[in-house]
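What follows is one structure encoded as structure tokens, with my remarks underneath.
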2 protein chains.
Amino acid sequence: MAISLSDIAERAGVSVKTVSGALHGGSARMSDDTRQKVKAIAEELGYVTNLAARGVRQGWLPLVGVVSDGLITSPFATEIVRGLDGAARSAGMAVFAVNHSSGQSIGSVVDEVQQFRPRAVAYAAMYHKDVDLPPALAGSVGVMINCREASGRVTSLVPDEEGGAREIVRYLLASGRRRIAFINLPGILAGALREKGFRAALEEAGLEPIGVLPAVRRSVYSDRAPSLVASHVETLLAAGQRPDAILCGNDRVAMEVYAALARAGLKIPDDIAVASFDNQVELASRLDPPLTTMALPHRAMGRLAMEILLAGEPQPPHLRKLPFHLVERASV
Amino acid sequence: MAISLSDIAERAGVSVKTVSGALHGGSARMSDDTRQKVKAIAEELGYVTNLAARGVRQGWLPLVGVVSDGLITSPFATEIVRGLDGAARSAGMAVFAVNHSSGQSIGSVVDEVQQFRPRAVAYAAMYHKDVDLPPALAGSVGVMINCREASGRVTSLVPDEEGGAREIVRYLLASGRRRIAFINLPGILAGALREKGFRAALEEAGLEPIGVLPAVRRSVYSDRAPSLVASHVETLLAAGQRPDAILCGNDRVAMEVYAALARAGLKIPDDIAVASFDNQVELASRLDPPLTTMALPHRAMGRLAMEILLAGEPQPPHLRKLPFHLVERASV
DNA sequence: CTGAAAGCGCTTACAG
DNA sequence: CTGAAAGCGCTTACAG
């Protein structure tokens, strides 16, 4: 069995309370002498705090549970976790991630996590979507990350897709582009919202889109679906109103646009500008020319989520849209 | 505060012990009547077991800590976790993953995990490497995954790189190939071990390698380093002894080999066979022709690690090499 | 078949 | 400045 406070107390000739105060109670008043002695003995015996014991006393363990809809594997999901983890660490909390695989109900996964009496629980979606949280869970899940909770009973943190699209369009406009096409990701929430922002920003400038086209044939975007990008680019270039900028649904799509433009003998950004969403660094920074793209606020969502969870004052539930951030490279 | 056993006991008019037995003690003898009544009340009150309380009694929480050297983000790492998680679940344990970022010592991260009194702790490396575990941790870390622990004080689970290379070479030989080149990943343990297996299998057949070449210029393989693959392929094809098979360090390298062979007007597998390591499904299955490749035993390492950790009888520490598995597609 | 009590390792009022 | 005791919510001998 591991060393306990009473082992240290015995060895130091003081009470357990004194040991507890010396090791953990930063503010507990006692002679520096005693404190030093206790710490030395603890170190010598290799004492490791028993958080389970502290937890049963306090009613909670220094954990924040994160239930995610699938294994955390994409770079985006990793960023969310990074954000959560950084903020948790500063607060002395650890992140306990459990994934909600297809077989189970959200409720059963949340209960599983609750058995450990975490300080708080978050739900994180792997991509921006709508999620219905069962009403019974509104009390136990403190914040929804990367998804919109329908009932409005719990605070949701999502990327400001519409704002991000507006921003990149304005940037294209500021660079002098006027005929802008959008090869968008179809069938997903992010795509629909970005299209709204795209159209709004053009309208604001008194312009019309040159074309809003789906990157793939299937109604739901997937990297596996057969791509329409190359043929769209050809169509756009053949038309009377040839675009001077193409906005892409993500960096992968942009890569295909690059290839199609190269085939057509067009120079980026001189003949035509290309911009997109995602900022997959490995990809975007290595394209030639490096790609200007809107980075998603994944890390910020993670950080803010943790701050909300650990804040003393609970705020009324709301939907919070976090801003994208423009990564300027050389494609515009 | 949450519902406790005593709340249920009071409501049911029985002792706490009876409630505990009814809910958790599968074998505890009591009238079916009592058990049903207790269960109904627990359900009604929304009781959730307090594992912290049980943990302080038992001395451990139903957790297995996994310390990993970096955020779990690659598909390989995900497979390890999947293996661990599946086996943990069957044993009623949860996986508690903590990543060991560059700033901290392994020891401090392990201690952090130990505060939660997990049932066991594993260490997982993101790629096959040598790791020195500080001697003090030999007692607390039960198994090393995807790395070789130098001192031999703790069981290590690694892919059998040498055996995997032998197997794929034998497969190429069985398909009638005789002049085999290897474009290997330089500067990493996996590459060195595979090269041994590659040479051994050829020697066994009385053959010489046509060439063993590094995929990148830098001494350590990285996807970002400038690739030498295309020029190697040209060199190999121009030589007198043109290879009839090229083994590749990973699927990415194979993809580049495909491109170079296409440029040279060579057909796979008729003119030349291509095989590799990794089985990155997205990539390997979508190449044309689909790529024959050796899959790494990541999931198996995870599963076995958990079995070792949770086994009653501790085995003496040893190095266990897990077999690759051949994924036959159409490139050989 | 069931209860009352002890105890796991902590922290927190309550006394001195 | 320090100690003895109570109590967090469980489980596990010990009695009946």
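Since we're looking at a predicted model, the values are computed, not measured.
With hydrogens and angles left out, the side-chain atoms of His298(B) and Arg82(B) include no donor and acceptor closer than 3.5 Å. Counting only N and O atoms by type, the side chains of Gln36(B) and Thr34(B) include no donor and acceptor under 3.5 Å apart. Between Arg148(B) and His128(B), the side chains place no donor N or O within less than 3.5 Å of an acceptor N or O (distance only, hydrogens not considered).
More than 12 heavy atoms of other shown residues, nucleotides or ligands fall within 6.0 angstrom of atom CD in Gln104(B). Around CD of Glu10(B), the count of heavy atoms belonging to other residues, nucleotides or ligands within 6.0 Å does not exceed 12.
Backbone-only contact: Thr34(B) has heavy atoms under 4.0 Å from sugar-phosphate atoms and none from a base.
Every stem involving DNA chain D, taken as at least 3 paired positions in a row under the Watson-Crick or G-U wobble test at 3.5 Å, is listed here: C:1-3 with D:14-16, C:5-12 with D:5-12, C:14-16 with D:1-3.
Under the 4.0 Å criterion applied to side-chain N and carboxylate O atoms, Asp85(B) and Arg89(B) are assigned as salt-bridge partners. Under a 4.0 Å N-O distance rule, the pair Lys321(A)/Glu161(A) does not qualify as a salt bridge.
Straight-line distance from the CG atom of Asp33(B) to the P atom of dC1(C): 12 Å, rounded to whole Å. The distance between atom CD of Glu10(B) and atom C1' of dA4(C), rounded to the nearest whole Å, is 16 Å. Rounded to an integer number of Å, the gap from CD of Gln115(A) to P of dC10(D) is 11 Å. Look at CG on Asp32(A): it is 9 Å from P on dC1(D), rounded to the nearest Å. Separating the CG atom of Asp7(A) from the C1' atom of dC8(C) is a distance of 12 Å, rounded to the nearest angstrom.
Checking Ser15(B) against Ser6(A), the closest nucleotide of DNA chain C that is more toward the 5' end is the one next to Ser15(B).
With distances taken from any side-chain atom of Arg117(B) to the nucleotides dT2(D), dC10(C), dC10(D), the minimum falls on dC10(C).
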Could you walk me through whether Phe76(A) and Tyr127(A) pass the ring pair (Phe, Tyr, Trp, His ring centres under 6.0 Å) check?
CA-CA 8 Å; Phe76(A) 300 135; Tyr127(A) 66 91; over 10 Å; no

For nucleotides 11-16 of chain D, just jot down a letter per nucleotide in 5' to 3' order: B, S or -, based on protein non-hydrogen atoms under 4.0 Å.
BB----

